[in-house]
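Please read the structure below before turning to the comments.
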Amino acid sequence: MKFWISKASRNRKIASAHIVAPRHVSAKVGAVIAIASMIVAGFVTSSRADEYVLGPLDTLKVRVFEWRPSTGTTYEWTPLSGEFVVSAGGNLSLPIVGTIPAAGQTVEAVADAIGERLQKQVGLQKKPNASLEVAAYRPFFISGLVATPGKYSYSPGLTVLQALSMAGGLGPSDPNTLGIQRDALLSQGDLRSLDAERMALAARKARVDAILSDSETITFPTDLLARSENPLVAKMMEEENSLFETRRRSMDSELESLSQSKILAANQIKVLTAKSISLEKQIDMATKDLNSVNKLVSQGLTVSARQIGASQNLADLEARSLDTSLALVKTKQDLAKFDHDASEVRDKYRVDALTEASELRGRLALNTEKAQTTRAVLRNIANRSPAALAAIDNDGSPTFAISIDRHVGGVLRNLKVTDNDAIAPGDILRVERADAPLSSQLAEKAIQ
């Protein structure tokens, strides 16, 4: 198990007075809103997370290693390796190192404390490396008007709605009706989830279409633009615009680099051509000079050394001319290759877009099929048990109040919560009748 908790849970600040929650939540209306909220929450939860804070009854998996340079091996401290439970007093009791405070600490902090304590206890030169992982989180509790109150295992990211689902839902109910209502709620939640997925796919498809049509901007579909005031939809479009601009800049950068190389090659061709022409003229003059020298040598009017010099000069000029010709041919080949490379760059981005477009078509088709199936399930439930659907769609007054008993700064507080608020380990989730008052002590603490 990892020890991350959604940043969204921190941002909600359940303990803050800024939370505005309905004072009463009915089993029927609350359940419908709960499922819908859970689906939406899945899309707004940030990928970043706060570190998990340890508490009593958390089970930690500990492993301690030490690198020994003298032998070039890693030594594991076996007595310290295993699973250990944080005591009710908030301490972690380990062999050799003794008791280490754990409650209120992060896993990394406790791991660092174990390494330091072991180093001091044994007298090691270097601090060993301690690895900690939460093997089992401390439980939370559900009490009051739920189908099965009791103790439940905690998992990171758990919400009030999910916890209520684990307890069988709000209020005592006929098992058959409860099962039908749960099926209906899940189906309605699936529809909302599929709708959110469809919006995300539509935003991606608009970006891909813009790439394939070589457009400067993305043209989003009207149904997506109509919901642009929704923060989720606005973020989807913003992310797709950002990705579109990034890929476009990347392609333009590659094409610009090839264009500059092409200009340099063209200039080099001009220089080599001029050089080739100059060498041709020099070769022509050297040839004439050699012919004149040959005549003079044949008439005995000059020495053969001059003939040799003229021949060497001509050979040198011809060699330089050949090198220039070869360089000219190679540069022309490079120039042609730049055009080919530019075409490949455009084709690469287009092929990527075509591949993504094909994938999107399949996912959109699957999304549509799932939505149709889910609607059919809801129609079947409506035909088979209209009373069950009427109960969860009822707009009457709420009859349930949901709150959490939580230790905040060492003080037990009772906090009003909504369906998507996060459950923390050790919490007591209370489900009461709306007209059932809290004890005076808890009410006073809730106001503080």
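Reckoned from all heavy atoms, side chains included, excluding hydrogens, waters and symmetry mates.
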Sorted by chain and residue number, the side chain to side chain contact (heavy atoms under 4.5 Å, CB included) partners of Thr148 (sequence neighbours excluded) come out as Tyr152, Ala167
d(Ile402 CD1, Leu415 CG) to nearest 0.5 Å is 13.5 Å
In terms of heavy-atom contacts, Ala210 and Phe244 come closest through CB-CE1, 3.7 Å
Q.
Other residues, nucleotides and ligands only: do more than 12 of their heavy atoms fall within 6.0 Å of NZ on Lys330?
A. no
Can you classify the ring geometry of Tyr154 versus Tyr52 as parallel (below 30°), tilted (30 to 60°) or perpendicular (above 60°)?
parallel
Worksheet item: Does Lys127 NZ have over 12 foreign heavy atoms under 6.0 Å away?
Response: yes
Looking only at heavy atoms, the pair that brings Val64 and Pro128 closest together is CG1-CB, 3.9 Å
One should read off an interatomic distance between Ile142 CD1 and Ile428 CD1, to the nearest 0.5 angstrom, of 11.5 Å
Minimal heavy-atom distance between Pro56 and Ala103, with the atoms involved, is CD-CB, 4.3 Å
Tested for salt bridge (charged side-chain N to carboxylate O under 4.0 Å, His left out) against Glu356, the lone hit among Arg361, Arg207, Lys205 is Arg207
Practice problem: Assess the pair Trp67 and Phe65: is the distance between their ring centroids shorter than 6.0 Å? | Solution: no
Does the side chain of Leu60 come within less than 4.5 Å of Val134's, by heavy atoms? yes
query: Side chains of Arg249 and Ser253: closer than 4.5 Å at any heavy-atom pair?
result: no
In short, Lys416 meets Ala401 closest at the heavy-atom pair NZ-CB, 4.1 Å
Query - Test item: side-chain donor near acceptor, Asp190 and Ser193, under 3.5 Å - result: no
Those residues at least two apart in sequence (or on a different chain) that pass side chain to side chain contact (heavy atoms under 4.5 Å, CB included) with Asp223 are Arg198, Pro221
Using side-chain heavy atoms (C-beta onward) and a distance below 4.5 Å, is Ile96 in contact with Val122? yes
* Asked: With the threshold set at 4.0 Å, does a side-chain nitrogen-carboxylate oxygen contact exist between Glu254 and Lys348?
  -> yes
message: Just so I know, are the side chains of Leu243 and Arg247 near enough to count as touching, which here means a heavy-atom distance under 4.5 Å?
response: yes
* Asked: Does the pair Lys235 and Glu239 meet the rule for a salt bridge (charged side-chain N to carboxylate O under 4.0 Å, His left out), with working shown?
  -> CA-CA 6 Å; Lys235 187 167 182 61; Glu239 289 175 347; 3.7 Å; yes
Nearest heavy-atom contact between Ala353 and Ile211 is CB-CG2, 3.7 Å
Side chains of Arg350 and Leu212: closer than 4.5 Å at any heavy-atom pair? yes
Q. Going through the distances and angles, do Arg63 and Glu133 end up as a salt bridge (charged side-chain N to carboxylate O under 4.0 Å, His left out)?
A. CA-CA 9 Å; Arg63 298 188 72 184; Glu133 182 180 359; over 6 Å; no
Rounded to the nearest 0.5 angstrom, the CG-CG distance for Leu158 and Asp421 is 12.0 Å
